[in-house]
Amino acid sequence: MENFKEIENKWKKFWEDNAGLYQAKNDSDKKKKYILVEFPYPSGSGLHVGHAFSFTGGDVYARFKRMQGENVMFPMGWDAFGLPTENYAIKMKKKPQQVTKENTDMFRKQMKDLAFSFDWSREVNTTDPSYYKWTQWIFIQLFNKGLAYKKEMPINWCPSCKIGLANEEVVDGKCERCGAEVSRRNISQWVVKITDYADKLIEGLKETNFIDKVKQAQINWIGKSEGAKIKFKISDVSSQISDLEVFTTRPDTLPGVTFMVVAPEHQLVDQIISSSVFQKEEIENYVKNARKKSELERTELSKDKTGVFSGLYAINPVNNKEIPIWISDFVLASYGTGAIMAVPAHDERDHAFAKKFGLTIVPVLNKEGWDFEKKAFTEVEKGEEFNKMLNWVEEKGIGERTSSYHLRDWIFSRQHYWGEPIPMVNCPKCGMIPVKESDLPIVLPEVEAYEPTDDGQSPLSQMTDWVNTTCPKCGGEAKRETDTMPNWAGSDWYFLRYIDPHNDTVLASQELMKYWSPVDVYIGGDEHNVLHLLYSRFIYKFLWDLGVVPKEYPEPYIKRLSHGVILGPDNQRMSKSKGNVIVPETVADIYGVDVVRMYLMFMGPFDSTMAWNEKTLMGVKRYLDRLEKFINSQKENNLASSKEVKMIINKLINGVTEDLEAFRYNTAIAKMMEALNSLSVGQSISLSDIKTLIKLLAPFAPYMAEELYSFFEKTSVHAALWPVADPKFLIGDETTVMVSINGKVRDKLIIKNEELINKEEILRKAKGLDNIKKWIGTGEIVKEVYVPGKMVNLVIKL
RNA sequence: GCCGCAGUGGUGAAACUGGUAUACACGCAAGACUUAAAAUCUUGUGCUCUCAACAAGCGUGGGGGUUCGAUUCCCUCCUGCGGCACCA
């Protein structure tokens with residue numbers, strides 16, 4: 001289209017004026033289809049190719065389903081809280097609220113330009129108080145159910161920025177922003193007990209249609225191990241703590257336990273330091289050093305084990321032998337009980353530790369010829385002995401069967417400004433009390449300075465007017481919580497808000513959730529397959545337990561689709577520093593939106609990684625130009641389609657429909673190109689078949705389709721009914737049957753369809769072919785295979 | 001180390017349940033149009049042998065297996081990508 005700008009503007013306005021075209025109807029007899037694409041963080045640099053790619057993928061499907069007569073909900077919103085906005089606001093001396101408004105306005109305009117058929121009447125914004133009122137409400141429910149609590153926790157601390165950092169903000173042990181070495185600091189943090197839902201989150205995956213890769217990633221992340229907790233008696237009677245509890249997956253190796261190790265953070269260590277005289281200084285130094293180290297430093301030094309003897313001994317319950325208790329940072333305080341029973345004969349780490357400190361190695365299972373002093377034998381099978389020992393432990397009352405998880409509780413506090421205020425009040429008399437639900441939302445006050453404070457508190461802590469409040473319980477003087485929520489909080493439940501975005505009394509009405517739930521297709525990036533998806537499922541399951549969301553749907557998303565990644569023309573990840581960034585807007589200005597959309601869908605499979613290639617884009621442009629020319633040359637002829645043309649069209653309808661249903665956009669487009677190649681060879685085509693071609697094009701190239709369709713109809717092509725193939729024109733009169741000798745194709749037979757079932761006749765004909773006769777020669781046919789309608793294979797022995 | 005995914009022409013890729021390997025597109029080559037270029041159109045294009053055609057042989061990362069028949073299923077190895085990683 002030469003005048004594509006003009007056409008785009010014309011139809012953009014038309015769609016704007018006919019807003020109902022893309023709106024989801026809450027009261028409809030039609031089948032509902034909830035298609036969700038991950039809402040973006042509206043950054044200052046605007047919509048990038050990755051957005052354009054995934055949103056086009058969703059848009060094609062939404063348009064397709066709408067034309068198939070389904071009641072489609074395809075909403076859009078903004079995940080707008082976050083550090084970049086806060087930092088940008090600080091730098092530009094603007095309010096984050098203002099920056100967010102500017103950015104979302106820009107994103108919305110760009111999305112409309114790219115013809116995404118979002119239902120804008122359902123737009124949500126996580127930074128809107130009427131939205132985060134419900135994010136805060138969910139937090140209060142978590143608190144009321146005992147799933148949110150405050151705890152002193154080590155966090156990543158940047159001494160230069162004077163700010164606590166999330167793990168994602170620490171790169172190679174350094175602060176992402178200033179590059180300073182990150183240390184650890186204990187800060188009182190809100191923690192959410194996602195671990196209570198670990199089993200439910202694994203179990204629930206069975207209810208979903210996620211691809212295996214996503215399910216596996218979630219299962220691995222939760223990392224469930226089955227085993228036992230076992231208590232070891234401490235032999236020193238003067239010790240205030242009499243037992244040391246460990247978690248093990250291998251109770252059957254209990255006889256091989258020759259020492260124990262506790263993490264430097266273990267409570268036993270504090271007792272040792274305060275009461276013991278043995279090596280007091282050495283122990284104190286070791287512990288102090290270990291606690292100072294960042295997680296990274298600790299794991300980096302993993303090859304070489306360090307540790308110190310505590311002076312205490314425990315008793316191995318199997319043989320009553322005294323075994324030393326050591327302190328070492330290879331044991332993690334955050335996993336299991338923070339203490340382990342060491343079996344150096346059958347565990348590599350325990351073995352390395354034993355060798356370094358000269359500890360005893362006792363094999364449980366003797367492997368012939370194995371040198372246990374040299375290497376641990378780790379391939380011990382978890383057999384009968386596992387259960388036998390576990391039963392013995394339980395009978396003796398020193399332990400019990402249990403599971404442990406890699407999944408940690410979720411640190412929910414951020415010491416930043418631009419996030420949802422945690423709706424809690426700290427009362428000196430009553431403790432932590434949630435804000436009254438009727439007082440929600442607790443609106444983020446507008447402050448003058450967004451910089452964090454010296455002591456690592458949120459900038460909100462300086463707002464004394466806001467901080468000082470009264471206790472919701474006793475009415476006395478109290479202070480507000482000044483931490484804000486992490487980014488995930490707003491994105492956990494946004495899909496529910498789209499269902500009922502303006503409801504002021506509940507986060508969404510039961511009735512509407514019953515109609516729209518669950519999300520049928522959720523399109524997003526691989527980077528969110530674990531955290532976002534897991535947090536979101538967790539919050540949903542929590543709301544399900546509360547009865548807030550419909551009982552009929554225990555899982556929020558049915559199908560998860562991960563979109564691929566678009567690399568720069570140099571096959572590298574796009575980044576400003578590499579100068580290989582493709583801006584969709586710029587390309588659309590040159591070639592038109594339809595070309596960009598269609599090219600993005602044609603590049604390759606929707607979920608694969610592909611490099612941008614302007615030459616291939618030209619191929620798509622050529623196709624659209626040729627299609628336009630073909631239709632314009634035919635539209636006034638008013639001729640009938642030949643049978644051959646009808647077959648091309650009907651096969652195309654079937655092919656494109658099937659491919660769209662399976663998100664195989666690249667092959668759908670290839671089929672359209674193929675059809676045009678066949679049609680272009682001097683064929684004439686009926687008006688109804690032309691309209692079919694335009695309809696098939698509509699999801700991909702909405703502007704051009706609308707323009708071409710307007711020649712025939714007054715109504716929008718996007719409201720037209722998707723074509724259905726006529727079975728009469730799907731199969732021809734004849735079928736090609738390939739004939740092969742020993743599996744290699746040598747010739748073919750053209751057979752009338754009604755004769756395809758006649759095996760004997762077909763085999764006779766196959767053997768009669770000149771080529772085949774030549775191949776058989778003097779050989780003997782030992783086997784004849786006929787696959788009806790497909791092929792004949794003759795096995796020849798020479 | 002563990003988990004997951006992938007490996008097909010010069011390039012992006014297709015072949016969905018085992019049945020014509022390389023559809024579609026790019027690139028390249030030749031030709032048409034043009035004073036010329038661009039654009040457009042036509043034809044050809046896996047590799048080897050051949051002036052060429054016919055025919056043949058080889059061919060989906062390597063090796064092996066199952067099968068009348070394997071890009072597809074099984075075993076094994078190699079390479080690349082992504083995630084997790086002292087998880088007891």
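Keep in mind it's a predicted model, so treat the numbers as computed, not measured. Throughout, a chain's letter reflects where its sequence line sits, starting with A, and its residues are numbered from 1.
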Practice task
Can you tell me, in whole Å, how much space there is between the P of B/G44 and that of B/G82?
Solution key: 41 Å
Exercise for the section: Could you give the distance separating B/U42 and B/C47 at their C1' atoms, to the nearest angstrom? Expected result: 27 Å
Exercise for the section: Specify the separation, in whole Å, of atom CG of A/Asn771 and atom P of B/A55. Expected result: 8 Å
Practice task
Could you give the distance separating B/U71 and B/G64 at their P atoms, to the nearest angstrom?
Solution key: 15 Å
Practice task
Could you check how far CE of A/Met618 sits from P of B/A25, rounded to whole Å?
Solution key: 14 Å
Exercise for the section: Describe the nucleic acid contact of A/Arg626 in one word from base, sugar-phosphate, nothing, applying a heavy-atom distance below 4.0 Å. Expected result: sugar-phosphate
What's touching nucleotides 3-6 of chain B from the protein side, N or O pairs under 3.5 Å?
residue : atom : partner  : partner atom : Å
B/C3    : O2'  : A/Asn220 : ND2          : 2.6

Completion exercise
Rounded to whole Å, CG of A/Leu617 lies from P of B/G27 at a distance of 11 Å
Practice task
Grab the CG-P distance between A/Asp350 and B/A88 for me, whole Å please.
Solution key: 11 Å
Handout entry: Polar side-chain atom of A/Thr378 near backbone of A/His346 as donor-acceptor pair, under 3.5 Å
Key = no
Exercise for the section: Take atom P in B/U22 and the same atom in B/A32, then report the distance between them in whole Å. Expected result: 31 Å
Practice task
Tell me whether the OP1 or OP2 atom of B/C68 has a side-chain N or O from A/Lys783 closer than 4.0 Å.
Solution key: yes
Practice task
Can you tell me, in whole Å, how much space there is between the C1' of B/G9 and that of B/A15?
Solution key: 15 Å
Exercise for the section: Report yes or no: does A/Asp659 contribute a side-chain atom to a donor-acceptor pair with the main-chain N or O of A/Tyr665 at less than 3.5 Å? Expected result: no
Practice task
Output the residues of residues 649-665 of chain A in contact with RNA chain B, where contact means a heavy atom of the residue under 4.0 Å from an atom of the strand; sort by number or write none.
Solution key: A/Arg664
Problem - Electrostatic pair A/Arg664:A/Glu658 at N-O distance under 4.0 angstrom - result: no
Exercise for the section: Using whole Å, report how far NZ of A/Lys375 lies from P of B/G1. Expected result: 11 Å
Completion exercise
Walking RNA chain B from its 5' end, the first of A/Arg746 and A/Met341 to be reached, judged by nearest nucleotide, is A/Arg746
Practice task
Would you please test A/Lys765 and A/Glu755 for salt bridge (Lys or Arg N to Asp or Glu O under 4.0 Å) and show each step?
Solution key: CA-CA 12 Å; A/Lys765 276 188 179 165; A/Glu755 288 165 22; 3.7 Å; yes
Fill in the blank from the handout: Glycosidic torsion of B/G10 (syn if within 90° of 0, anti otherwise) classifies it as anti
Problem - OP1 or OP2 of B/C41 under 4.0 Å from side-chain N/O of A/Arg622 - result: no
Practice task
Flag the pair A/Lys578 and A/Asp570 as a salt bridge only when some basic side-chain nitrogen lies within less than 4.0 angstrom of an acidic carboxylate oxygen.
Solution key: no
Exercise for the section: Using a cut-off of strictly less than 4.0 Å between a heavy atom of the residue and any atom of RNA chain B, enumerate the qualifying residues of residues 223-231 of chain A by number. Expected result: A/Ser225
Exercise for the section: Please check if the side chain of A/Asp252 supplies one atom and the backbone of A/Asn387 the other of a donor-acceptor pair under 3.5 Å. Expected result: no
Problem - Within the 6.0 Å centroid threshold, strictly below: A/Phe606 and A/Phe663 - result: no
Handout entry: Qualifying residues under ring-ring contact (aromatic ring centres under 6.0 Å, His included), relative to A/Phe630, sequence neighbours excluded
Key = none
Practice task
Take atom CD1 of A/Ile219 and atom C1' of B/C84, then tell me their distance rounded to the nearest Å.
Solution key: 15 Å
Completion exercise
Paired runs of 3 or more consecutive Watson-Crick or G-U pairs involving RNA chain B, with both pairing distances under 3.5 Å, are B:1-7 with B:78-84, B:10-12 with B:24-26, B:27-32 with B:40-45, B:46-48 with B:56-58, B:61-65 with B:73-77
Problem - Residue closer to the 5' end of RNA chain B, A/Phe247 versus A/Gly604 (nearest nucleotide) - result: A/Gly604
Practice task
Would you check if the distance from the ring center of A/Phe309 to the ring center of A/Phe357 is below 6.0 Å?
Solution key: no
Problem - Cationic tip of A/Lys305 above A/Phe330 ring, under 6.0 Å, 45° of axis - result: yes
Problem - Donor-acceptor contact present, side-chain A/Arg250 to main-chain A/Gly227, <3.5 Å - result: no
Exercise for the section: Please measure how far the P atom in B/C3 lies from the corresponding atom in B/C75, and state the result in whole Å. Expected result: 14 Å
Practice task
Ignoring hydrogens and angles, tell me if any N or O in the side chain of A/Asn316 forms a donor-acceptor pair with the backbone of A/Val257 under 3.5 Å.
Solution key: yes
Exercise for the section: Could you tell me whether a side-chain N or O of A/Ser740 sits under 3.5 Å from a main-chain N or O of A/Val792, the two making a donor and an acceptor? Expected result: yes
Practice task
Report yes or no: does A/Tyr599 contribute a side-chain atom to a donor-acceptor pair with the main-chain N or O of A/Asn613 at less than 3.5 Å?
Solution key: yes
Exercise for the section: Specify the separation, in whole Å, of atom CD of A/Glu614 and atom P of B/U11. Expected result: 21 Å
Handout entry: B/A70 and B/U20, which share atom name C1', separated by this distance in whole Å
Key = 15 Å
Problem - Under-4.0 Å side-chain N/O to phosphate OP1/OP2 contact, A/Trp775 with B/A56 - result: yes
Problem - Closest to side chain of A/Lys629, choosing from B/U40, B/A88, B/C86 - result: B/U40
Completion exercise
Rounded to whole Å, the CD-C1' distance (A/Gln218 to B/G83) equals 13 Å
Problem - Selection from B/A88, B/C58, B/C68 that lies nearest to any side-chain heavy atom of A/Lys744 - result: B/C58
Practice task
Tell me whether the guanidinium CZ or amine NZ of A/Arg560 lies under 6.0 angstrom from the six-membered ring centre of A/Tyr522 and within 45° of its axis.
Solution key: yes
Problem - Ion pair A/Asp770/A/Lys774, N-O distance below 4.0 Å - result: no
Practice task
Rounded to the nearest 0.5 Å, what's the gap from OG1 on A/Thr402 to CD on A/Glu226? Could you check?
Solution key: 9.5 Å
Fill in the blank from the handout: Nucleotide by nucleotide, nucleotides 19-24 of chain B touches protein heavy atoms under 4.0 Å in the pattern (B base, S sugar-phosphate only, - none) BB--BB
Problem - Basic-acidic side-chain contact under 4.0 Å: A/Lys752, A/Glu734 - result: yes
Problem - Rounded P spacing from B/U48 to B/U67 in Å - result: 35 Å
